Amino acid sequence: MEPLYNTYPVAIENSLTGEKEAFIPVNAGAVGMYVCGPTVYSDVHLGNARTFTSFDLIFRYLKHLGYKVRYVRNITDVGHLENDADSGEDKIAKKARLEQLEPMEIVQRYTVDFHNVMARLGALPPSIEPTATGHIVEQISMVQAILDRGWAYESNGSVYFDVEAYNKEGGDYGILSGRKMDELQAGSRALDGQDEKRNPADFALWKKASPAHIMRWPSPWGDGFPGWHLECSAMSTKYLGEEFDIHGGGMDLKFPHHECEIAQNKACTNHGGAKYWMHANMLTLNGKRMSKSTGNTILPGELFSGNNDLLAKAFSPSVVRFFMMQAHYSSVLDFSNEALLAAEKGHDKLLSAWSSLEGACAKGGQGFDVDTWKRKCYEAMSDNFNSPILIAHLFEAVKFINAGEGNLAISPDELTALRNTFSAMVFDILGLQGGSDSSAHKDALDKAMDLVIELRAQARNNKDWSTADLIRDQLKEAGIQLNDGPEGTSYSI
Ligand code: AMP
Ligand code: ZN
């Protein structure tokens, strides 16, 4: 059978060229994708989660089309300094100092949190999840290769990339972000570490560790730690090769992080790493970028529990995911309680249409052109992963399903095709979760439990202890705990 990627060829908006381009992988049938992972020094906020969910959609769709995808998403556990440039304290070391913990305790705690949040949001784990601290050897050898080429220099135990030397000899620093050398040179020299640089545009490949710095490794230039940008060059090359297909991350990483990665890769391998650079857009709160450093954040866990003043209620992870999927990954998305409530309505309507579709019969007729609809769904996703257009097409099907009231005016073959495509799009590609996690199911369960609790209360009033105990014990066996309190009885699963 022809792979789906031939039937529905993918086009990607490439940030490197600013054009939408036909996606032609380096190795036919296989995709290598690298996405910059989190810096694990605090709980991931909903903005971080949006970027990783955007790339999860892309991962899921490419796999669905039949590509063999190797998805590498790293964990940054060293080297990311406070101000995202080459000065300030390491974010993880700082948190460790404040909490009086080992840096690796911080890393472990927030890596676990990140994994939990992403699993609840229905994100598939990447194929490889390498850490910066696990690849010090590879990073040191890259620094050495760049020094050998004459595009880096040592200064007071640190090593800096020499942007001017690189550009003089045919390098193209600025190619991704469009920044010009004269703008870059106008940077401040006042920042800590800047006086070690020949030029403000230069960036750290290796930083000397001060005596107080806990995270340090021996190197040919003395004890130190790798610069933030280097880990991604080292790990993408190691696991995906010198030239691979897709490199992704949030828009804010374009400069300097990704610009520096390209320069490092070219200095070592003559390739800039990825052919296609993809940048996911930001989640905003009150119109401003959600950001840990400004405190303008909301945590995914607060949405799942409803425990935040901005929220009228709790939202299931699947609703939160649907909220994100309603926007294209390259558009800004603004968070609000109202937007979540609207997303919940849409989400529940979609999933209840799926329940009807599962039980529906085909009565024959030409009520819906399933073939054309299916093609439109795939074309939307193949056109730069356009999930909002896909969702609009799904709602055309919802309209038809709901109007049919269980008896659909299509042939049995069309019904099968409608079911297969609907479930592939909703569950495999958008990654929504039906079943117990959907709010429609939760509402139904709440109502059924209210009834059971009422029947038990009546049994107790009638001193029918055996019935009351039977209800409690059987529920317990089913994993449902009744909690009797002064306000009445509640349940937990
Ligand atoms: P960090 O842990 O700061 O390295 O960020 C992890 C990822 O989250 C990066 O890809 C960032 O671009 C992304 N990110 C940070 N803030 C936001 C936001 N408000 N909306 C979407 N993505 C974000
Ligand atoms: Zn990176």
Side-chain angles (χ1 to χ4, degrees), residues 15 33-58 72-85 90-92 95 106-107 110-111 113-114 117-118 121 123 126 129-132 135 139 142 176 203 226-240 244 246-265 272-274 277-300 320 323-324 327-335:
S15 320
M33 175 162 96
Y34 186 93
V35 172
C36 295
T39 306
V40 281
Y41 73 108
S42 64
D43 293 320
V44 279
H45 59 67
L46 197 66
N48 303 135
R50 182 191 181 201
T51 285
F52 299 121
T53 308
S54 295
F55 286 100
D56 180 62
L57 170 76
I58 291 164
V72 182
R73 187 187 64 207
N74 70 302
I75 294 283
T76 296
D77 55 358
V78 71
H80 196 167
L81 303 187
E82 269 182 295
N83 64 5
D84 285 0
D90 181 295
K91 294 185 184 200
I92 288 160
K95 183 80 172 204
I106 297 295
V107 165
Y110 294 112
T111 303
D113 167 75
F114 171 60
V117 166
M118 294 318 298
L121 283 170
E129 195 171 46
T131 61
H135 296 76
Q139 294 179 81
M142 263 185 130
L176 180 67
F203 56 91
W228 172 38
H229 316 303
L230 195 59
E231 56 171 292
C232 292
S233 286
M235 296 188 283
S236 61
T237 309
K238 175 158 177 147
Y239 297 110
L240 299 174
F244 58 95
I246 299 174
H247 192 312
M251 209 72 112
D252 56 325
L253 297 186
K254 214 179 201 181
F255 186 87
H257 187 54
H258 291 159
E259 190 72 68
C260 296
E261 265 190 60
I262 293 176
Q264 293 165 158
N265 281 45
W277 284 79
M278 297 183 73
H279 288 99
N281 215 328
M282 297 290 109
L283 186 75
T284 56
L285 176 61
N286 300 319
K288 288 199 204 76
R289 187 191 137 190
M290 196 170 282
S291 158
K292 169 84 187 152
S293 56
T294 56
N296 189 38
T297 60
I298 184 164
L299 302 182
V320 177
F323 161 70
M324 294 177 179
H328 190 248
Y329 77 84
S330 68
S331 310
V332 170
L333 173 63
D334 193 49
F335 172 86

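When a ligand or atom number is given, it counts from 1 through the structure's own listing order. For the numbers below, each heavy atom of this structure counts, side chains included, while hydrogens, waters and symmetry mates do not. Being a predicted model, the structure only gives us computed values, none of them experimental.
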Check: Ser233 side chain, Glu261 main-chain N or O, donor-acceptor pair, under 3.5 Å: yes
Per-residue contact class, His45 against ligand 1 - non-hydrogen pairs under 4.0 Å: side chain
Sub-4.0 Å heavy-atom approach of Phe52 to ligand 1: yes
Whether Arg289 side chain and Asn296 backbone form a donor-acceptor pair below 3.5 Å: no
Taking atom 2 (O) of ligand 1 as the reference point, the nearest protein heavy atom with its distance: Thr39 N, 2.9 Å
Parallel, tilted or perpendicular: ring planes of Tyr329 versus Phe55, cut at 30 and 60 degrees: tilted
Interfacing atoms of ligand 1 (cut-off 4.0 Å, heavy-atom, Pro38): 2 (O)
Heavy-atom donor-acceptor pair, Asn265 side chain to Ile262 backbone, under 3.5 Å: no
Enumerated ligand 1 atoms positioned under 4.0 Å from heavy atoms of Met290: 16 (N), 17 (C), 18 (C), 19 (N)
From Lys91, His279, Lys292, Arg289 - option closest to atom 16 (N) of ligand 1 by heavy atom: Arg289
Proximal candidate to atom 17 (C) of ligand 1 [heavy atom criterion; set Lys288, Met282, Arg73, His80]: Met282
Side-chain (Asp77) to main-chain (Ala132) donor-acceptor, under 3.5 angstrom: yes
Taking atom 21 (C) of ligand 1 as the reference point, the nearest protein heavy atom with its distance: Gly47 O, 2.9 Å
Aromatic ring pairing Trp277/His247, orientation class (parallel under 30°, perpendicular over 60°, tilted between): parallel
Gap between atom CG of Asp43 and atom CG of Leu299 - 0.5 Å precision: 5.5 Å
Polar side chain donor-acceptor pair, His80 to Thr39, under 3.5 angstrom: yes
Aromatic ring proximity His135/Tyr239, centre distance under 6.0 Å: yes
Residue and atom names of protein N/O/S atoms that fall under 2.8 Å from the Zn ion (ligand 2): Cys36 SG, Cys232 SG, His257 NE2
Atom 10 (O) of ligand 1: the protein heavy-atom neighbour that sits closest, reported with distance to 0.1 Å: Gly250 N, 3.1 Å
Straight-line distance of Met142 CE to Glu231 CD, nearest 0.5 Å: 12.0 Å
Atoms in ligand 1 flagged as close to Asp252, the criterion being non-hydrogen separation under 4.0 Å: 11 (C), 12 (O)
Which segment of Leu283 sits under 4.0 Å of ligand 1 when only heavy atoms are counted: both
Residue pair Thr284, Asp334: steps toward the side chain to side chain donor-acceptor pair (under 3.5 Å) verdict: CA-CA 5 Å; Thr284 56; Asp334 193 49; 2.6 Å; yes
Contacts of Ser42 that satisfy side-chain contact (heavy atoms from CB on, under 4.5 Å) - sequence neighbours left out: Lys292
Option whose closest heavy atom lies nearest to atom 22 (N) of ligand 1, chosen from Asn48, Leu253, Thr51, Thr297: Thr51
Under 4.0 Å to a heavy atom of Asn281 - the qualifying atoms of ligand 1, by number: 21 (C)
